[in-house]
There are 2 protein chains.
Amino acid sequence: MHTYSQKLNSNDIARHAGVSQATVSRVLSGNSNVREETRQRVLEVIEKLNYRPNAFAQAMKTRLSGTVGVVVSRITNPIVPEVLLHLGDELTARGKRMVVWNTDTEGEDGVLNAIRQRVIDGLIFTAAGHQSAALEAAQQTGMPIACINRHIDGASFNQFACSNLEGARTMADYLIAAGRKRIAIINGPLDRSTLADREAGLRQGLHHAGIELPDNYYASSDFAHNNFRELAIEMMSQPCPPDAIACGNDVIAFAVMCGLKAAGAKVPDDIWVTGFDGIEMSGWDVFDITTMKQPLDAMASATVEALISTIENSEAEPQLVRFGTELIIRGTTANTSFPQQPPTKE
Amino acid sequence: MHTYSQKLNSNDIARHAGVSQATVSRVLSGNSNVREETRQRVLEVIEKLNYRPNAFAQAMKTRLSGTVGVVVSRITNPIVPEVLLHLGDELTARGKRMVVWNTDTEGEDGVLNAIRQRVIDGLIFTAAGHQSAALEAAQQTGMPIACINRHIDGASFNQFACSNLEGARTMADYLIAAGRKRIAIINGPLDRSTLADREAGLRQGLHHAGIELPDNYYASSDFAHNNFRELAIEMMSQPCPPDAIACGNDVIAFAVMCGLKAAGAKVPDDIWVTGFDGIEMSGWDVFDITTMKQPLDAMASATVEALISTIENSEAEPQLVRFGTELIIRGTTANTSFPQQPPTKE
DNA sequence: ATAGTTTATGAATACGTATTCATGCTAATG
DNA sequence: CATTAGCATGAATACGTATTCATAAACTAT
């Protein structure tokens, strides 16, 4: 067994500094009831001997691990690493560690064990379907929870999402204002609140403009690149194909672009395409997709802050925070003039 | 402070089962010196009361956390989530947790603290430049280390990479056999061993075929999408542009494709493009890039196995394992006939 | 049958910290 | 000046487990 032996503990520091172990502990925890002179002496010894407190002993006493779990459904979905990037930054900046589980392939055993063993102080869930044994278990055990980029009505934990409905509504308004008449929707599974809300926003915009959404202009499918690709090909093979396809997110839009390429349809000459999320890749000029950008950094920051404050003070009441989105007009749509709304936190 | 109170400890179990706490501990650790009847009785009580041992107390005694750290340089680089996916699967399957640090934006403080505090049992490093304070610190403290998708000569830890040189050599051979005459290389920073080895392999192939690599057919740059895009545009604006561009990896190839599109060059009619890595997106048909696929799952599996065995038994001597790669011919090159070598672990 | 060995168990201890309780001390209040 | 309140500190304890040591019981070999 490759372990190590801790050279120093707080007793050693105490001895060297001529104080008791309790005082060392007080210095380290920032307890104010320590004479300044004593504090300095202890800190000097700590510095000189390069002492670090034993995290496990601390965890055992405080029942806090300094670690936060993040549950993602599919880490290879390009938006996920972007979310993880911001969450990780924020957590590290606050001295927390981030452990990640990818439930799509691993299943939920890892998270469930961590919850039961209480080796994490809190849990962040990202977008996915509603059913989750881990989410239930976390709630039952009273573990602090926060959700980012997903939303469940009446939840008892903090949730941070963008204004999916309003953003999609704006997207629809934009397409309509730009003169698109035959707008189609290609979307993913509706058990994802984000996708459902966006679809609702798009439909609202169409309805408001008095535009019909015929069945043959609507398609949805499971998450698999080829599915959306095929849907796009089918969509274009109709006698009267649409002149715009609004997609539930950027990744779907990528697949749709592939399908359009295969179908020989020119973007934006023959048809416009829009996404949602504003992930990095959407700006690559093979895609160059008009999209609605989520402020992931602000959302992640708020998520972490809320989770930590829940951990530190369970009194705070749970809330749902919506973040404004930003329309980014790119090459998959031809009209670049539309009143942009600044991204705002509501 | 939102903590919890552990309802049960091993003493409770002991009392209920009519044994001592030591025996409960023995049952849990799989110690064989326990009568079968006693073991059953204890297990029943554990089951009935739904008891879980306190992980922090265990960690304090055993000096093992059950957690492994993974250091990535930039998590939004699409190959990284694929690596993390496999590493996470493998670690979870072995009952370990995976904590992730993204040093590109966070810096190395998080890892360094974890190393000094010894809250992880081992560390996995993925591809990046050579200099790393975390890698040094981990070595100094004797923490078990494994590297995946990178390689340093004479290292004192296990390393798992694919045959970058041979793979790239095969790629060059393929291009040459298919009749390409003016082969260019666009590569990233050479302090990454993977990219340096691949370039060496490409050059070796060209040299062996007696083909010159003029300066104006070689370009390298930092990792930034637009850089590679510009390089591709420049490359094509020459009086006598190349008829193939071999890129250091798939992501570079994506950017090059963007540049070629902007430059009005048709792929594969005017020019061929190849990547390396075989990441998921390379198969999307907007890209459809001919590439050399790394067996990331096997590599991740071996990495985790080696790390854990290092943790469990520090005796094993460090080794460098190379994995065979697989040529995947797609739409960015026209010739589909080339003797494929099966992916083998050497 | 007797000495020796293995097996099964419990009592006791150690891991390293945070915290409570008790205490001597200083400063403030009347 | 006497009393009180607050401050700074140490001793002792608890967190929950793994492990060592000791011991009794159950075998094995002579």
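All values below come from the heavy atoms of this structure, side chains included, with hydrogens, waters and symmetry mates left out. Letters A, B, ... mirror the listed sequences (proteins, then strands); counts begin at 1.
Nucleic acid contact for A:R26: base, since at least one base atom lies under 4.0 Å from a heavy atom of the residue. Heavy atoms of A:T38 sit under 4.0 angstrom from primed sugar atoms or phosphate atoms, though from no base atom. Contacts of A:S25 with the nucleic acid, taken as non-hydrogen atoms under 4.0 Å apart, include base atoms. If you check every strand for non-hydrogen atoms under 4.0 Å, B:V19 touches sugar and phosphate atoms only.
Rounded to an integer number of Å, the gap from CD of A:Q21 to P of C:dT20 is 14 Å. Per the geometry, CG belonging to B:L64 stands 17 Å off P belonging to D:dT17, to the nearest Å. Distance CG (A:N33) to P (C:dT23): 18 Å, rounded to an integer number of Å. For B:N9 and C:dC15, the CG to P distance is 20 Å, given to the nearest whole Å. Distance, A:R41 CZ to D:dG10 C1': 13 Å, rounded to whole Å. Residue B:R63 contributes atom CZ, which lies 13 Å from atom C1' of D:dT17 at whole-angstrom precision. The CE-C1' distance, from B:M60 to D:dC15, rounds to 7 Å in whole Å. One can place NZ of A:K7 at 12 Å from P of C:dG16, the figure rounded to the nearest angstrom.
When the C1' atoms of four end pairs are superposed on the next four at each end of the helix from C:dA1-D:dT30 to C:dG30-D:dC1, using five pairs per end, the two resulting axes differ in direction by 30°, to 10°.
Salt bridge annotation for A:E36-A:R39: present, with a cationic side-chain nitrogen under 4.0 angstrom from a carboxylate oxygen.
Checked against C:dG10, D:dA8, C:dT17, the side chain of A:K61 finds its nearest nucleotide in C:dT17.
Of the candidates B:L123, B:T310, B:L135, B:F157 forms a side-chain contact (heavy atoms from CB on, under 4.5 Å) with just one, namely B:L135.
Atoms OG and CD, on A:S132 and A:Q139 in that order, are 9.0 Å from each other to the nearest 0.5 Å.
Neither side chain, B:N149 nor B:H151, offers a donor N or O lying under 3.5 Å from an acceptor on the other. Side-chain contact, B:T92 with A:E106: a donor N or O sits under 3.5 Å from an acceptor N or O. Checked by atom type, the side-chain pair B:S73/B:D104 shows no donor-acceptor distance below 3.5 Å.
Within the structure, every side-chain polar atom (N or O) of A:T62 is placed at least 4.0 Å from both OP1 and OP2 of C:dT17.
Heavy-atom distances under 4.0 Å link DNA chain C to B:G18 of residues 11-18 of chain B, given in residue order. Taking every heavy atom of residues 42-59 of chain A and every atom of DNA chain C, pairs under 4.0 Å involve A:Y51, A:P53, A:N54, A:A57, A:Q58, by number.
Take the nearest nucleotide of DNA chain C for B:R35 and for A:S29: the residue whose nucleotide is more 5' is B:R35.
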